[in-house]
2 protein chains.
Amino acid sequence: MPDQQSTLRAQRRAETQRAIQAHAVRLFTERGYDATTVNDVAEAAGVSPMTVYRHFPTKEDLVLIDQHGQLVADRIAASPATQPLVRRIGAALVESTTTLTDGRGGGDLSANGQFLLARLRLMIATPALRAKHLDNNYALQQAIVTALGDDTTDPDAAFHAHAAASACLAAMHTALVRWAEDDGRSELPDLIAKALAAAFGDDVVQARPDAP
Amino acid sequence: MPDQQSTLRAQRRAETQRAIQAHAVRLFTERGYDATTVNDVAEAAGVSPMTVYRHFPTKEDLVLIDQHGQLVADRIAASPATQPLVRRIGAALVESTTTLTDGRGGGDLSANGQFLLARLRLMIATPALRAKHLDNNYALQQAIVTALGDDTTDPDAAFHAHAAASACLAAMHTALVRWAEDDGRSELPDLIAKALAAAFGDDVVQARPDAP
DNA sequence: TACCAATCTGGTAGCGACTATCACTGAGGT
DNA sequence: ACCTCAGTGATAGTCGCTACCAGATTGGTA
């Protein structure tokens, strides 16, 4: 069999997935998350409710699906172990976010950026989405601790890593909320750096050029 | 009407509420959260399913109901505004937890402590409970920022407060998980202090006597 | 070209959380 | 003794989600 498994198959699958999610986010934004049923989304996307559940295990995943986690974990595993934990984690968060939003200067958002913003707004405003996203962050925390690769036998070291990772992710979440409140006008990586500095002190997170 | 509104009424209400929650936590621990229906809980508690929903809006609330949040917020509002944010928040978390578990020396847990531990274990092991609890922490974060009473007109100050509060709560959550893993053998307030120190550095959180 | 295997899709039936609505009981105060 | 109303219960219904089964399309093969 060819390397790419089934080019046409995967392409079609990705396309329907994208279409379903786009219609879902649109409907959720227009009518509200709770007021929109999965059947509504299926109908709008022109598929059966079954198909929606095939692509998105839960209704929340229609908004929350992303691959940010793997990016962060990879970057952490590749970072030098000599730096303090908070700096390693913080840098990975800032850098991977830079990759995601890949920076235009300071003007309007790309279409991708608009979509990200819409999803973020839903996530912040809807309790069910917010809760699940925070739990996704908790899973990401576990992945980060694993990626740090520190001595896993020492429970104190593991505890230290978990505390640092959870605090960093919390700061990042704060930055995400702020970014949404700004309607995406600020640079997200900068906001994350600022949140980390606010929580841990400017000296711990070697700030970008614009540090005071 | 008398001052205490309806002594007998409120007493009965509190009693059924306590009974329902006790049976719920017991059944969830025995059979698992997902494998136990609300009807099972109602039957065990000798009430109708309707009554369960009257006392606990959602199934998750059967485990997560607590009044820790108000305690923390009150303590923060009463703390001197001269200290750095992280220290104010951290101290409030440690102290209010001390009040909750009110310390026996180092031996067995009280019945209340055992109940707390059982709820905590369920919360950590069950995705739905974990997610909702993390969202409760998010609400607590808002309450903490309000209680800090800092300049609410300055968006940068508010951002700073949110970042600090979210990071502190994340560290506390890490301590809770560790405490459950230790089966409650450690002193929870000490663990919280250690988690704060691990995240922010020993100097920021003026440690208790046993600091290195 | 004809065939097979795997995948994608749709329909039906069902469970469980949760809500709305109505009716009944018993406590608290006049 | 009467009235009010919170607390409780039963019924029916919506919605998220999960088997289970059947048809259709695609990719590789004899």
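Sequence lines set the chain letters: A, B, ... in the order given, protein chains first and strands last, and positions in each chain run from 1. All figures in this text were calculated on a predicted structure; none of them were measured in a lab.
A heavy-atom distance below 4.0 Å to DNA chain C is reached by these residues of residues 54-65 of chain A, ordered by number: A/R54, A/H55. Proximity of residues 45-53 of chain B to DNA chain C (heavy atom under 4.0 angstrom from any strand atom) is restricted to B/M50, B/Y53. Listed by residue number, A/T36, A/T37, A/V38 are the residues of residues 23-40 of chain A with a heavy-atom contact under 4.0 Å to DNA chain D.
Atoms CD (B/Q11) and C1' (C/dA27) sit 13 Å apart, rounded to a whole Å. Remark: P of C/dC8 and CD of A/E15 are 15 Å apart, rounded to the nearest angstrom. Regarding B/Q17, its CD atom lies at a distance of 14 Å from the C1' atom of D/dA6, rounded to whole Å.
Checking A/N137 against A/Q141 by side-chain atom types alone, no donor-acceptor pair falls below 3.5 Å. A/N39 and A/E43 form no side-chain donor-acceptor contact under 3.5 Å, judged by distance and modelled atom types alone. For the 3.5 Å distance criterion, the side chains of B/R75 and B/S96 fail to qualify, holding no donor opposite an acceptor. With no hydrogens or angles considered, no side-chain donor-acceptor pair links A/H133 and A/R130 at under 3.5 Å.
Contact check, A/R13 against C/dC8: a side-chain N or O comes under 4.0 Å of OP1 or OP2.
A salt bridge links A/R18 with A/E15: at least one charged nitrogen is closer than 4.0 Å to a carboxylate oxygen. Remark: B/D183 engages B/R121 in a salt bridge, criterion side-chain N to carboxylate O under 4.0 Å. A salt bridge links B/D182 with B/R178; the closest basic N to acidic carboxylate O contact falls under 4.0 Å.
Across A/T174, A/I192, A/L116, A/D190, a single residue satisfies side-chain contact (heavy atoms from CB on, under 4.5 Å) together with A/W179, and that is A/L116.
Between A/H162 and B/V177 the shortest side-chain heavy-atom distance does not fall below 4.5 Å. Considering only heavy atoms from C-beta on, B/M123 stays 4.5 Å or farther from B/K132 through its side chain.
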